[in-house]
Amino acid sequence: MKVLNVLRATAGVHALAICLQPVLAGVYLDGSPAGLRMHEPIGLALAFLGLAQLLLATVWWRTGGRWAAPAASLLIMAGEVVQIAMGYSRQLAIHVPLGIALVAATVAFAFWVNKRQVVAA
């Protein structure tokens, strides 16, 4: 149960951080270079949050949790790695829609893992 609580907290922080990304991109597009200066390190931190989430989800699954948690976390983390690569290579045709999908998936995961029924396998 303790691992689940840490997973829930990590998923919440992950969801909050990823929701900042479109806001910071908008700040940059509005003419402030500070938006991009903040968008980049938070994007890199998201990959590490994704890795932590994946590890916690795997531990939770192995101790009786749901197998869908590490599966979803792996897809989110893989998407974040691709997202970082597309951002650095300025492939905005992929970066923007993938970012939208990652925000939706990460927020959905945070809500799912915080449901009371998620404990039952």
Side-chain angles (χ1 to χ4, degrees):
M1 187 65 162
K2 225 171 203 187
V3 174
L4 178 58
N5 290 333
V6 177
L7 174 61
R8 286 174 169 165
T10 302
V13 170
H14 195 183
L16 285 173
I18 205 164
C19 286
L20 276 176
Q21 289 297 82
V23 173
L24 295 172
V27 168
Y28 171 68
L29 292 174
D30 199 35
S32 174
L36 188 60
R37 283 196 305 270
M38 294 170 61
H39 184 80
E40 180 183 5
I42 291 175
L44 294 172
L46 283 168
F48 288 103
L49 277 169
L51 178 60
Q53 180 176 297
L54 174 60
L55 293 173
L56 289 165
T58 302
V59 170
W60 178 58
W61 166 55
R62 299 299 294 161
T63 59
R66 305 282 302 265
W67 65 268
S73 295
L74 178 62
L75 289 174
I76 290 169
M77 194 187 107
E80 288 171 343
V81 170
V82 171
Q83 180 74 342
I84 290 167
M86 294 299 104
Y88 277 121
S89 65
R90 306 286 191 249
Q91 299 293 319
L92 297 182
I94 298 171
H95 187 74
V96 172
L98 179 57
I100 293 167
L102 284 170
V103 168
T106 305
V107 170
F109 180 84
F111 276 105
W112 176 77
V113 80
N114 276 289
K115 286 173 54 176
R116 291 182 82 164
Q117 299 92 325
V118 79
V119 176

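The figures that follow rest on heavy atoms only: side chains count, while hydrogens, waters and symmetry mates do not.
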When rounded to the nearest 0.5 angstrom, what distance separates [atom1] in [X] from [atom2] in [Y]?
| X | Y | atom1 | atom2 | value |
| --- | --- | --- | --- | --- |
| L51 | L56 | CG | CG | 9.5 Å |
| Q91 | L98 | CD | CG | 12.5 Å |
| L46 | I18 | CG | CD1 | 5.0 Å |
| H14 | I76 | NE2 | CD1 | 6.5 Å |
| L75 | F109 | CG | CZ | 11.0 Å |

Between the side chain of [X] and the main-chain N/O of [Y], is any donor-acceptor distance below 3.5 Å?
| X | Y | answer |
| --- | --- | --- |
| R8 | V113 | yes |
| D30 | G26 | no |
| S32 | Y28 | no |
| T63 | W60 | yes |

Note to self: Working note: I42 + Q21, criterion side chain to side chain contact (heavy atoms under 4.5 Å, CB included); need CA distance, chi angles, decisive distance, verdict.
What the structure shows: CA-CA 7 Å; I42 291 175; Q21 289 297 82; 3.3 Å; yes
Next item on the list: For E80 and L49, run side chain to side chain contact (heavy atoms under 4.5 Å, CB included): C-alpha distance rounded to whole Å, both residues' side-chain angles, the deciding distance at 0.1 Å, then the answer.
Entry: CA-CA 10 Å; E80 288 171 343; L49 277 169; over 6 Å; no
Checklist line | Q53 side chain to T10 side chain, donor-acceptor N/O pair below 3.5 angstrom | finding: no
With a 4.5 Å cut-off on side-chain heavy-atom distances among I, L, V, M, F, W and Y, is there a chain of contacts connecting [X] to [Y]?
| X | Y | answer |
| --- | --- | --- |
| L4 | V6 | yes |
| V23 | L29 | no |
| V27 | L20 | no |
| M77 | I84 | no |
| L55 | V3 | no |

Please name the pair of heavy atoms, one in [X] and one in [Y], separated by the smallest distance, quoted to 0.1 Å.
| X | Y | value |
| --- | --- | --- |
| C19 | V103 | SG-CG1, 4.2 Å |
| A11 | A110 | O-CB, 3.6 Å |
| A57 | S73 | CB-OG, 3.8 Å |

Next item on the list: Inspect the surroundings of CE in M86 and state if more than 12 heavy atoms from other residues, nucleotides or ligands are less than 6.0 Å away.
Entry: yes
Checklist line | Criterion side chain to side chain contact (heavy atoms under 4.5 Å, CB included) on Y88 and E40, from CA distance to verdict | finding: CA-CA 9 Å; Y88 277 121; E40 180 183 5; 2.5 Å; yes
Next item on the list: Apply side chain to side chain contact (heavy atoms under 4.5 Å, CB included) to H95 and L92, showing your working.
Entry: CA-CA 5 Å; H95 187 74; L92 297 182; 4.2 Å; yes
